[in-house]
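The structure under discussion appears below in the form of structure tokens.
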There are 2 protein chains.
Amino acid sequence: MQNSKYSCQRENIIKVLKSTKSHPTADWIYDKVREEIPNISLGTVYRNLSRLSSEGEVQKISLGVGGDHFDGDISSHAHFVCNKCGKIADIYTDYSNLLKTDAEAKIGASVNSCSVILYGLCSECGRKISNKSK
Amino acid sequence: MQNSKYSCQRENIIKVLKSTKSHPTADWIYDKVREEIPNISLGTVYRNLSRLSSEGEVQKISLGVGGDHFDGDISSHAHFVCNKCGKIADIYTDYSNLLKTDAEAKIGASVNSCSVILYGLCSECGRKISNKSK
DNA sequence: ACAATAATGATAATTGTTACTATTATTATA
DNA sequence: TATAATAATAGTAACAATTATCATTATTGT
């Protein structure tokens, strides 16, 4: 392929991201990749994450609080975020076709990705709170 | 009510946000409110927007590119963002119950808000591109 | 009117991210 | 397997968006 060259930094970023089920930030990925490539630069991590997510190889998750998170799992699924502990959970239901079709019918746009983020209280945090009030 | 006091700054921020169909950033709201309260501080705008959105009085929209946007319309609806021109459009379908019920069944969390953002090419930008290729 | 305190304006500080530039690594071709 | 072209990098500076600080002002209950 032209105007694209291999880099082991990028390979490692992909590897790290595809092998975790957490939904890490650029910073976390940076720390993790540094275990193998100690002198990698944070800028390189950002540059590659941005490239990879615009290529659709990874997914960016913007929660609106703190920095962006990334997901190596690009299957269509939603995310749940606990407002208390901040945990991010996957919800494997594919709404994307429904949403896509509906949006295209309603406003005539062509949709190529969608982000579904639910906010609330996770079961664990919910339990803690109801225990306290006993 | 206790620990809460009226402020005309907050009232104005709400008024501005509820009376536009655009999905402005804090900065845009700041400029708009300054027309009535010229010496309002940008920090006050941020402080109130953050408070109002956590109270559920307005909605915060995090696109993952540039600053956050805000929506005075808190009815359940999705947003479409054009990757080309950046336009944000409302899509009035209420997915929230579907998403909420599904998530609660799957992971036992209690959901209290949800964000649905679709990305793609708006009809206008799509038209421009197909014209160019003639 | 007064006291308690929430909210503000002005500004400094912080955070997350992008831009810049000289150097290094990859790749296609001779 | 050298060479030339150029993509990618490390290191760092710059930037934008947001939050924190703090002295002052405004609101509210008594």
Stepwise side-chain contact (heavy atoms from CB on, under 4.5 Å) check, C8(B) with I37(B)
CA-CA 9 Å; C8(B) 66; I37(B) 309 174; 4.2 Å; yes
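Within residues 11-24 of chain A, no residue is approached by DNA chain D to less than 4.0 Å at the level of any non-hydrogen atom.
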Per-nucleotide protein contact along nucleotides 9-19 of chain C, 5' to 3', at a 4.0 Å heavy-atom cut-off (B base, S sugar-phosphate only, - neither), is BB-----SBB-
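Considering only side-chain N and O atoms, N3(A) lies nowhere under 4.0 angstrom from the phosphate OP1 or OP2 of dA5(D).
Screening residues 8-61 of chain B for ring-ring contact (aromatic ring centres under 6.0 Å, His included), with sequence neighbours left out, gives H23(B)-H79(B). The salt bridge (Lys or Arg N to Asp or Glu O under 4.0 Å) contacts involving residues 58-71 of chain A comprise K60(A)-D68(A), where partners must be two or more places apart or lie in separate chains. The salt bridge (Lys or Arg N to Asp or Glu O under 4.0 Å) pairs that include a residue from residues 9-21 of chain B are K15(B)-E36(B), where partners are two or more places apart or lie in different chains.
At a threshold of 4.5 Å between side-chain heavy atoms, the hydrophobic network of Ile, Leu, Val, Met, Phe, Trp and Tyr places L49(B) and I14(B) in one connected group.
By the side chain to side chain contact (heavy atoms under 4.5 Å, CB included) test, S75(B) is found to be paired with D73(B), H77(B), Y92(B), residues two or more places apart in sequence or in another chain being considered. Looking at residues two or more places apart in sequence or on another chain, you find a side chain to side chain contact (heavy atoms under 4.5 Å, CB included) between L98(A) and L98(B). Evaluation of the side chain to side chain contact (heavy atoms under 4.5 Å, CB included) rule for K5(A) yields no partner, not counting sequence neighbours. In terms of the salt bridge (charged side-chain N to carboxylate O under 4.0 Å, His left out) criterion, residue partners of E55(B) (sequence neighbours excluded) are, by chain and number, R51(B). Taking the side chain to side chain contact (heavy atoms under 4.5 Å, CB included) definition, one finds that D27(A) meets it with T25(A), L42(A), sequence neighbours left out.
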Between protein and nucleic acid, restricted to nucleotides 3-5 of chain C and to nitrogen or oxygen atoms under 3.5 Å apart, what atom pairs and distances do you find?
| residue | atom | partner | partner atom | Å |
| --- | --- | --- | --- | --- |
| dT5(C) | O2 | K5(B) | NZ | 2.5 |

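The C1' atoms of five pairs define one axis at each end of the helix from dA1(C)-dT30(D) to dA30(C)-dT1(D), and these two axes lie 40° apart (to 10°).
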